[in-house]
Participant: 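Dropping the structure in here first, questions after.
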Amino acid sequence: MDYATLKVIWWVLIGVLLIGFALTDGFDMGTAILLPFIARTDSERRIVVNTVGATWEGNQVWFITAGGAMFAAWPLVYAASFSGFYFAMLLVLFSLFFRPVGFDYRSKREDPRWRSAWDWALFIGGFVPALVIGVAFGNLLQGVPFSFDTDLRVTYHGSFFALLNPFAVLCGLVSVSMLAAHGAAFVKMKTDGVIARRASVALRIASLAGVALFLIAGVFIATMIGGYQIVDAAPLDSVANPLLKSVIGAPGLWLTNYSTYPWMVAAPVIGVVGGVLTLLIANSRFEKSAFICSGLMIVGVILTAGFSMFPFIMPSSLDGRSSLTVWDATSSQMTLQIMLIAVIIFLPIVLLYTSWVYRVMRGKVTAAALEENRHTMY
C-alpha cells in the first residue's frame with residue numbers, strides 16, 4: 001500500500017476512534033451532566049448513575065486509544081497539541097479524575113451531603129471534558145498560534161485564556177448540548193417513570209440547543225472564521241515535513257471541500273437531521289430511535305468538522321507553513337503499516353466484545369433492582 005493512501009486511512013481511523021469515543025463515552029458524560037437535574041432523590045440519582053455504571057470504564061478506553069493512535073500516527077500533532085493545549089488537557093484530566101472516585105465513593109456513606117457532593121463531582125467530570133474538547137475543536141477551526149523552527153522544534157505562542165474566545169466557547173456549547181442530548185436519550189431508554197419523563201424534557205431542550213448552536217457555528221465559519229488552504233506542497237508520498245508547503249488563510253475557505261467533494265454535504269445534513277429527529281421523537285415511545293438519532297447528530301457534527309478541515313489537522317494561525325496536515329504530520333510508512341495490521345486484528349475483537357457487553361447489560365435500571373443489589377450496584 002502506498003504512503004499517501006496509508007496517510008488517508010489513518011486520518012479515517014483516528015476519526016473513527018474519536019467518533020467511537022463521542023458515541024460511547026459521550027452518553028456517559030451526558031448522563032453525568034444531567035444527573036443533578038433529572039434525578040432529585042437519592043434513589044433516583046442512584047438509578048441514573050447505574051444506567052452507565054456497568055459500562056463507563058470500557059467506554060473511556062476509546063479516548064485513551066484515540067490518544068495513543070494520535071501519538072503513533074501523528075507525532076507532530078501530538079507534540080504541538082500537548083504544547084498548545086497543555087493546561088486545557090490537564091483540566092480535562094483532572095476533571096475526569098472525579099468520575100472513578102465519584103462512582104466508587106458516592107454510596108459509601110448514607111450522609112446526603114456526602115452523596116450530593118459526589119453527584120456534583122460527577123457533573124464536573126461530565127461537563128468540563130465535554131466543554132473543553134469542544135473548545136479545542138473551535139480553536140483548531142480558527143488556527144492555533146504555534147510554529148516550527150528549521151529543526152522542527154515546536155513553539156506555542158498563545159495562552160490558556162486565549163483559547164476561551166467566543167467562537168471556541170460556542171463550539172464548546174455545541175459539544176455540551178449534543179452530548180447532553182445523547183445522555184438524555186440513553187437515560188430515557190434505560191429508565192422508566194418520572195426519571196424517563198424528565199429525561200424526555202432534557203432531551204428536547206438539549207437537542208434543540210444542539211441544532212441551533214451548530215447552525216450558528218456554521219454561519220460563523222462561512223462568514224467570519226478564517227479557513228486555510230494549501231497552495232504549494234511537496235509530493236503526497238514524500239517524507240513528512242510541514243515546512244515544505246505554502247498556506248493561505250481567509251474567511252470561507254473551510255467550505256471549499258464541499259464544492260470540491262459535494263458528497264461531504266451529507267455530514268452537516270446528518271447532524272441537523274439527526275438533531276431535529278431527536279427533538280421530534282423525544283416524547284415518543286421510540287426510545288431506541290431517539291438514541292440512534294442523537295448519535296447521528298454527534299456523527300454529523302464531528303464529520304462536518306473533519307471534512308471542513310481536510311487535509312488540515314492542526315492549522316497554525318501564526319505561520320501557515322507550520323500547519324499540520326494529513327500529508328506532512330504522519331509517522332513513517334512502516335509505522336503506519338504495522339499499526340494498520342494491529343487495527344485489522346484487534347478492532348473487530350474490541351467491537352465484538354463491546355457488543356456482547358451491551359447485550360448482557362441490556363434492560364432498564366429500576367428501584368427494585370437497586371434494592372436487590374444494594375451492595376453490588378453503585
Participant: Check this for me: Y105, atom OH, are more than 12 non-hydrogen atoms of other residues, nucleotides or ligands nearer than 6.0 Å?
Facilitator: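 No, the 6.0 Å shell around OH holds no more than 12 heavy atoms from other groups.
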Participant: Taking the side chain as C-beta and beyond, is there a heavy-atom pair between V49 and R46 under 4.5 Å?
Facilitator: no
Participant: If Ile, Leu, Val, Met, Phe, Trp and Tyr residues are connected whenever their side-chain heavy atoms lie under 4.5 Å apart, and connections chain through other members, are V174 and I298 in the same group?
Facilitator: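 V174 and I298: one cluster.
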Participant: Determine yes or no for a side-chain-to-main-chain donor-acceptor pair under 3.5 angstrom, with W254 supplying the side chain and L141 the backbone.
Facilitator: yes
Participant: Measure the acute angle between the ring planes of F186 and F27, then classify it against the limits of 30° and 60° as parallel, tilted or perpendicular.
Facilitator: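 If you compare the ring of F186 with that of F27, the planes turn out parallel.
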Participant: Pick out which of V273, L279, L280 makes a side chain to side chain contact (heavy atoms under 4.5 Å, CB included) with V276.
Facilitator: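 Option passing the side chain to side chain contact (heavy atoms under 4.5 Å, CB included) with V276: L280.
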Participant: Got a sec: does the NZ of K364 have more than 12 other heavy atoms crowding it under 6.0 Å?
Facilitator: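 Yes - once you tally the heavy atoms of other residues, nucleotides and ligands closer than 6.0 Å, there are more than 12.
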Participant: Does atom CZ (F220) have a neighbourhood of more than 12 heavy atoms from anything else shown, all under 6.0 Å?
Facilitator: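 Open: at most 12 neighbouring heavy atoms sit under 6.0 Å from CZ of F220.
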Participant: Can you see whether S332 engages Y3 through a side-chain donor-acceptor pair at a distance of less than 3.5 angstrom?
Facilitator: no
Participant: Taking the side chain as every heavy atom from C-beta outward, state whether W74 and T330 have any pair of such atoms under 4.5 Å apart.
Facilitator: yes
Participant: Salt-bridged, R321 to D232, with N to O below 4.0 Å?
Facilitator: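 Here R321 does not pair with D232 in a salt bridge, since their nearest N and O are not under 4.0 Å apart.
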Participant: Would you say F85 and V144 make side-chain contact, with heavy atoms under 4.5 Å?
Facilitator: yes
Participant: Look only at the side chain of Q60 and the backbone of W56, and say whether a donor-acceptor pair between them is shorter than 3.5 Å.
Facilitator: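 No, Q60 side chain to W56 backbone: no donor-acceptor pair under 3.5 Å.
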Participant: Could you tell me whether the side chain of D111 and the main chain of R113 form a donor-acceptor pair under 3.5 Å?
Facilitator: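 Yes.
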Participant: Determine the interplanar angle of the W120 and F37 rings, folded into 0 to 90°, and report it as parallel if under 30°, tilted if 30 to 60°, perpendicular if over 60°.
Facilitator: perpendicular
Participant: Would you say I64 ends up clustered with V77 if hydrophobic residues are merged whenever their side chains have heavy atoms under 4.5 Å apart, either directly or through other cluster members?
Facilitator: no
Participant: In this structure, which one of Y261, W263, Y258 forms a ring-ring contact (aromatic ring centres under 6.0 Å, His included) with F307?
Facilitator: W263
Participant: Less than 6.0 Å separating the ring centroids of F146 and Y156?
Facilitator: no
Participant: If you draw a 6.0 Å radius around CZ in F87, do more than 12 non-hydrogen atoms from other residues or ligands fall strictly inside?
Facilitator: no
Participant: Checking side chain to side chain donor-acceptor pair (under 3.5 Å) against D319, which of S323, S322, S316 comes through?
Facilitator: S322
Participant: Roughly how far apart are L336 CG and S331 OG, rounded to 0.5 Å?
Facilitator: 5.5 Å
Participant: Please check if the side chain of S175 supplies one atom and the backbone of A130 the other of a donor-acceptor pair under 3.5 Å.
Facilitator: yes
Participant: Are V92 and V128 side-chain neighbours, meaning at least one heavy-atom pair lies under 4.5 Å?
Facilitator: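 Not touching, per the 4.5 Å side-chain cut-off.
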Participant: State yes or no: do L6 and I338 share one hydrophobic cluster built from I, L, V, M, F, W and Y residues joined by side-chain heavy-atom distances below 4.5 Å, directly or via other members?
Facilitator: no
Participant: Would L152 and L243 satisfy side-chain contact (heavy atoms from CB on, under 4.5 Å), going step by step from the backbone distance to the final call?
Facilitator: CA-CA 8 Å; L152 294 185; L243 300 180; 4.1 Å; yes
Participant: Please walk me through it: do T304 and F214 pass side-chain contact (heavy atoms from CB on, under 4.5 Å)?
Facilitator: CA-CA 10 Å; T304 298; F214 179 53; 3.7 Å; yes
Participant: Could you tell me which non-hydrogen atom of T223 sits nearest to which non-hydrogen atom of P251, and how far apart they are?
Facilitator: O-CB, 3.9 Å
Participant: Could you tell me whether the side chain of S116 and the main chain of P112 form a donor-acceptor pair under 3.5 Å?
Facilitator: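 Looks like no, no N/O pair under 3.5 Å.
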Participant: Less than 4.5 Å apart, side chain to side chain, heavy atoms only: is that true for T354 and V350?
Facilitator: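 In contact.
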Participant: Would you indicate whether the side-chain heavy atoms of P242 and L76 approach each other to under 4.5 Å?
Facilitator: yes
Participant: Would you indicate whether Y358, at its atom OH, is surrounded by more than 12 heavy atoms from other residues, nucleotides or ligands within a distance under 6.0 Å?
Facilitator: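 Yes - once you tally the heavy atoms of other residues, nucleotides and ligands closer than 6.0 Å, there are more than 12.
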Participant: Please check this pair: side chain of N257 against backbone of F310, looking for a donor-acceptor N/O pair closer than 3.5 Å.
Facilitator: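 Yes, the answer is positive, given that a donor and an acceptor are paired below the 3.5 Å cut-off.
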Participant: Between V187 and I38, is a side-chain contact (heavy atoms from CB on, under 4.5 Å) present by the stated rule, with each step listed?
Facilitator: CA-CA 9 Å; V187 172; I38 62 176; 3.8 Å; yes
Participant: What are the two closest non-hydrogen atoms of P129 and M29, and how far apart are they?
Facilitator: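 Heavy atoms of P129 and M29 come nearest at CB-SD, 3.8 Å.
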Participant: Report whether I205 and F127 are members of the same hydrophobic cluster (ILVMFWY, side-chain heavy atoms less than 4.5 Å apart, transitive linking).
Facilitator: no
Participant: Walk me through whether V8 and W327 qualify under side-chain contact (heavy atoms from CB on, under 4.5 Å).
Facilitator: CA-CA 8 Å; V8 175; W327 314 124; 3.4 Å; yes
Participant: Could you tell me whether R115 and D42 make a salt bridge, using a distance below 4.0 angstrom between a side-chain N and a carboxylate O?
Facilitator: yes
Participant: State, with a plain yes or no, whether a side-chain heavy atom of K245 is found less than 4.5 Å away from one of T325.
Facilitator: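 Sidechains of T325 and K245: in contact.
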Participant: Is a donor on one side and an acceptor on the other found under 3.5 Å between the side chain of Y228 and the backbone of Q142?
Facilitator: yes
Participant: Return yes if some donor-acceptor pair links the side-chain N/O of R362 with the main-chain N/O of R359 below 3.5 Å, else return no.
Facilitator: yes
Participant: Can you check whether L140 reaches F312 side chain to side chain, under 4.5 Å on heavy atoms?
Facilitator: no
Participant: Are the side chain of N165 and the backbone N or O of A162 linked by a donor-acceptor pair below 3.5 Å?
Facilitator: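 Checking the backbone N and O of A162 against the side chain of N165, a donor-acceptor pair under 3.5 Å is found.
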Participant: Under 3.5 Å, is there a donor-acceptor pair between the side chain of D25 and the main chain of F21?
Facilitator: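 Checked: no pair found.
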